[in-house]
S.K.: 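Pasting a structure here, questions to come.
Quick note: numbers below take in every heavy atom, side chains included, and nothing from hydrogens, waters or symmetry partners. Just so we're clear, the structure is a prediction, and the values are computed from it rather than from any experiment.
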Amino acid sequence: MALPDHFLQELKSRCDASDVISGYVNLKRRGRNLVGLCPFHSEKTPSFNVYPENGSFYCFGCGVGGDVITFIMKIENLDYIEAVKFLAQRAGLEMPENTYDDGVSKLRNRILEANREAARFYYKCLYEPQGRAALDYLHRRALSDNTIKRFGLGYSPANRYALCNYLRKLGFKDNEIVAANLAFKGYDGKQIVDRFSDRAMFPIIDLRGNVIAFGGRIMSDQKPKYLNTSDTLAFKKSSNLFSLNNAKNTGDRTLILCEGYMDVIALNQAGFKNAVATLGTALTSEQALLMKRYADKVIICYDADEAGQKATTRAISILRNAGIEIRVINIPDGKDPDEFIRIRGDKGPAAFKNILENCDNDVEYRLFKLKSRFDVTRPDSKVAYMNEALKIIASLESSVEQDIYISKLASEFSIDKASINADLKRMASQKNMATSRKEFISLSEDLSGRNDKINTEKVKNTRAAKAEEMLISFLIFNNDLCSFVKSKVTPDDFVTKFNSQLYSYILEKIQQGVSPRTTFSRDFTFDEVSKIYEIMSFYNSQAATREAMQEYINTILEEKNRLTPDKVTEMSLEEIKASLYKKKKN
């Protein structure tokens, strides 16, 4: 059975959406609503709206919307039941017993339990004879036993059935072990096989202290060198960071972004506990937004090789879009952080701290790297460098920041500042035109329904779908008019299937004495909920009167009776004649 309606109503009354969301987003009042920068996509102009009067939110930039439960699901990467439990604990509410189907939640918890036991198993194996090579490797990398214990490092045996057999003895079923991505089915399709074997193991721990995944470094010459847990119910690699659970507790609003596990662990051991790393993938916008919750500044500390420099350039763009201040470390002699600290012994931490304190910001870094590609002693190369440098400066949002770098370029190359400004204005004009064109195309696609992935029939029935949405939105906020609206329009009068089903659902809930807003997040998918709250947002931004309601009803009935090519192909000749006669008579 689903969670009771009365419990959800009580939960939402105790968990005010504005209060909960303001713990994650810096909100400012704008009229009756609250606005802020969306935590789910990168933006510089606030498009994330919170509606205190009805406990909802909607982002006009990325289209994510919902109630307080939906918000927690998204921001904390939880399923529905886990999000409800999260809020219930916050509100001091007891979860109803034996009244909901929490199969997904139970499997997720079993995955976390299996991961915890696997971490214990791997740690134990590290200090057994079979783990000698892995332990020697970690010691050679100058990691102490205390550091190894603090990070829970371990070893996965070469025996491809060792972990599976161990977890089975603890009561775990094969499907749970596979769901955790700790094993996979063998070639025979029956017996399961350990995913990790003969590897130094790095547990990945989330912000609540759960072991959610693993990374493993092979001890032989086999490939791949590093192997990571694939996405599971408990883990999404694109939205987690290694050691953020440690970094968030430092009290420092600065993060050091490294390439790999060993760099992070070495920096932690050296006293830099605010280091984090991505999980076997390039930096994502989700990870940047996650970092923004805990940091105002990110120092990029990638390797100095070509791959590391490309990754740095990509990370700069993503972090800038997230509105984070960026610094970039340039470690001498092309060393990685781990090696730089290790070869300097006791002086390593102090030397690294000096690099941190004197590193360039991202603009200086990009201009320095760009300049190294040109022979600026030659006029043609100097012009080419200036054109590329201006593209970097034109991308800056702050006019003050732009002016600082224009002045530096003018001074460095003895060029009239006014000439540089003229070229910059031309670039800015071209950029604005391109942005406006892109926004116009996007708006046109939204209005036409081409971008609607939930109501796919909208693109062919734009007028009908719009009227349906407005009537649905009106009814959600005017439950007392349910009987009147139902007497005028039935679900069968709707042209688009999704809107028809949603309208029928709303009528049923209101007739049961339940506000449909209470149960949307329980009974619809995440994407469907976002669509519903997009529809609701029109009510929040447009006046809705009884006269407007009647207009929506009239439009829906007109569109239902409108002959379309699809309808004509399904009608008999007599039905077509009757329809035309009726229209002519009317």
Side-chain angles (χ1 to χ4, degrees), residues 123 126 133-155 200-205 215 217 219 225-226 241-280 283 291 294-295 297-309 311-312 315-316 319 325-362 364-365 368-369:
Y123 179 77
L126 181 66
L135 185 60
D136 288 345
Y137 164 76
L138 296 174
H139 284 161
R140 284 198 307 273
R141 300 296 293 265
L143 298 187
S144 69
D145 287 321
N146 283 336
T147 296
I148 291 171
K149 182 177 181 180
R150 188 160 66 87
F151 278 88
L153 307 185
Y155 171 72
M201 299 299 293
F202 302 84
I204 298 162
I205 300 172
R217 202 267 192 195
M219 289 294 98
K225 184 177 180 180
Y226 277 94
L241 291 162
F242 180 68
S243 198
L244 184 60
N245 59 306
N246 295 313
K248 73 179 180 67
N249 296 320
T250 62
D252 187 351
R253 295 282 300 175
T254 299
L255 291 176
I256 303 172
L257 177 60
C258 303
E259 254 188 82
Y261 307 128
M262 286 303 303
D263 289 333
V264 170
I265 296 171
L267 286 177
N268 265 264
Q269 183 171 270
F272 305 96
K273 301 186 186 303
N274 56 333
V276 298
T278 53
L279 303 169
L283 181 70
M291 283 190 277
Y294 299 97
K297 178 168 66 177
V298 170
I299 302 173
I300 302 175
C301 188
Y302 285 171
D303 292 351
D305 58 17
E306 184 178 355
Q309 295 309 295
T312 297
I316 287 172
L319 292 169
E325 181 186 344
I326 308 164
R327 299 279 169 173
V328 183
I329 284 181
N330 187 17
I331 297 178
D333 304 321
K335 305 293 184 184
D336 59 39
D338 171 31
E339 186 180 10
F340 177 83
I341 291 174
R342 184 159 27 95
I343 63 177
R344 282 162 177 76
D346 294 341
K347 296 181 180 179
F352 189 78
K353 183 179 180 182
N354 183 61
I355 293 175
L356 281 179
E357 292 173 346
N358 293 283
C359 59
D360 291 335
N361 65 35
D362 65 300
E364 292 166 335
Y365 168 82
F368 173 78
K369 287 293 181 182

S.K.: What I'd like to find out is whether the side chain of Cys301 reaches to under 4.5 Å of the side chain of Ile331, using heavy atoms alone.
M.R.: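 Result yes, sub-4.5 Å side-chain heavy-atom pair found.
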S.K.: I need the minimum non-hydrogen distance between Leu143 and His139, along with the two atoms involved.
M.R.: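 Answer, listing the atom of Leu143 first, then His139: O-CD2, 3.4 Å.
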S.K.: I want to check something: taking the side chain as every heavy atom from C-beta on, are Lys297 and Arg253 in contact at a cut-off of under 4.5 Å?
M.R.: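 Side-chain contact under 4.5 Å: no.
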S.K.: Measuring only between side-chain heavy atoms, which start at C-beta, is Asp360 closer than 4.5 Å to Val328?
M.R.: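 Not in contact.
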S.K.: Working to the nearest 0.5 angstrom, can you tell me the gap between Leu244 CG and Ile205 CD1?
M.R.: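 Nearest 0.5 Å value for the CG-CD1 distance: 12.0 Å.
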S.K.: Measuring from Leu153:CG to Arg141:CZ, what's the distance to the nearest 0.5 Å?
M.R.: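 Here the rounded value is 11.5 Å.
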S.K.: So do the side chains of Lys273 and Asn246 get within less than 4.5 Å of each other, counting heavy atoms only?
M.R.: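 With C-beta onward as the side chain, the pair stays apart.
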S.K.: Are any non-hydrogen side-chain atoms of Tyr365 and Ile300 less than 4.5 angstrom apart?
M.R.: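 The answer is no; the side chains never approach within 4.5 Å.
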S.K.: Could you measure the distance from the CG atom of Leu241 to the OH atom of Tyr294? Nearest 0.5 Å is fine.
M.R.: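 Leu241 atom CG to Tyr294 atom OH measures 10.5 Å (nearest 0.5 Å).
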S.K.: Tyr261: which residues meet the side chain to side chain donor-acceptor pair (under 3.5 Å) condition with it, sequence neighbours left out?
M.R.: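 Listed in chain order: Asn228.
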S.K.: Looking at Leu135 and Asp145, what are the two nearest heavy atoms and their distance?
M.R.: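 It is CD1-OD1, 4.4 Å.
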S.K.: Under the side-chain contact (heavy atoms from CB on, under 4.5 Å) rule, collect the residues that match up with Ala134, sequence neighbours excluded.
M.R.: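 Partners of Ala134 by the side-chain contact (heavy atoms from CB on, under 4.5 Å) criterion, ordered by chain and then number, come out as Leu126, Tyr155, Ala200, Met219.
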S.K.: Considering residues at least two apart in sequence or located in another chain, which fulfil the salt bridge (Lys or Arg N to Asp or Glu O under 4.0 Å) criterion with Asp252?
M.R.: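 If we apply the salt bridge (Lys or Arg N to Asp or Glu O under 4.0 Å) test to Asp252, skipping adjacent residues, there are no hits.
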S.K.: Any donor and acceptor pair, going by atom type alone, linking the side chain of Ser144 with main-chain N or O of Thr147 inside 3.5 Å?
M.R.: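 Checked: pair present.
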S.K.: Backbone N or O of Thr254 within a donor-acceptor pair of the Asn274 side chain at under 3.5 Å?
M.R.: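 It does hold such a pair.
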S.K.: Quick one: does Thr278's side chain get under 4.5 Å of Cys258's, heavy atoms only?
M.R.: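 Heavy-atom side-chain distance check fails, nothing below 4.5 Å.
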S.K.: Do you know the tightest heavy-atom contact between Met262 and Leu138?
M.R.: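 Answer, listing the atom of Met262 first, then Leu138: SD-CD2, 4.3 Å.
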S.K.: Quick one: does Gln309's side chain have a donor or acceptor within less than 3.5 Å of a partner on Lys369's backbone?
M.R.: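 Side chain of Gln309 to backbone of Lys369, a donor-acceptor pair under 3.5 Å: no, none is there.
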S.K.: Would you say that more than 12 heavy atoms from the other residues, nucleotides or ligands in this model lie under 6.0 Å from the CD of Glu357, or not?
M.R.: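 Enclosed.
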S.K.: Which distance, rounded to the nearest 0.5 Å, do you find between the CD of Glu325 and the CD1 of Ile299?
M.R.: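 It comes to 9.0 Å.
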S.K.: Among Ile326, Ile329, Val276, whose side chain to side chain contact (heavy atoms under 4.5 Å, CB included) with Leu257 holds?
M.R.: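 It is Val276, the one option of Ile326, Ile329, Val276 that forms the side chain to side chain contact (heavy atoms under 4.5 Å, CB included) with Leu257.
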S.K.: Measure the spacing between CD1 of Ile341 and CZ of Arg344 and express it to the nearest 0.5 Å.
M.R.: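 Taking CD1 in Ile341 and CZ in Arg344, the distance rounds to 9.5 Å.
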S.K.: Among residues at least two apart in sequence or on other chains, which ones pass side-chain contact (heavy atoms from CB on, under 4.5 Å) with Tyr123?
M.R.: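 side-chain contact (heavy atoms from CB on, under 4.5 Å) check on Tyr123 returns Tyr127, Ile148, Lys149.
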S.K.: Applying side chain to side chain donor-acceptor pair (under 3.5 Å), can you list everything that pairs with Asn358, at least two apart in sequence or on another chain?
M.R.: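 Side chain to side chain donor-acceptor pair (under 3.5 Å) list for Asn358, sorted by chain: Asn354.
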S.K.: ring-ring contact (aromatic ring centres under 6.0 Å, His included): which pairs involve residues 338-357, sequence neighbours left out?
M.R.: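 Matches after skipping sequence neighbours: Phe272-Phe352.
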S.K.: Please give me the minimum heavy-atom distance between Leu319 and Met291, naming the atom from each residue.
M.R.: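 Looking at all heavy atoms of both residues, the closest pair is CD2-CE, 3.7 Å.
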S.K.: Quick one: CG on Asp338 to CD1 on Ile343, what's the gap to the nearest 0.5 Å?
M.R.: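 Taking CG in Asp338 and CD1 in Ile343, the distance rounds to 10.0 Å.
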S.K.: Please assess Asp263 against Ile256 for the test side-chain contact (heavy atoms from CB on, under 4.5 Å), listing each intermediate value before the final yes or no.
M.R.: CA-CA 10 Å; Asp263 289 333; Ile256 303 172; over 6 Å; no
S.K.: Locate the shortest heavy-atom distance separating Gly260 from Ala277; write the atom from each residue and the value.
M.R.: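 Gly260 and Ala277 have their closest heavy atoms at O-CB, 3.8 Å.
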S.K.: Check Gly152 against Pro203 and note the closest heavy-atom contact, atom names and distance.
M.R.: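 So the two residues come closest at O-CG, 3.0 Å.
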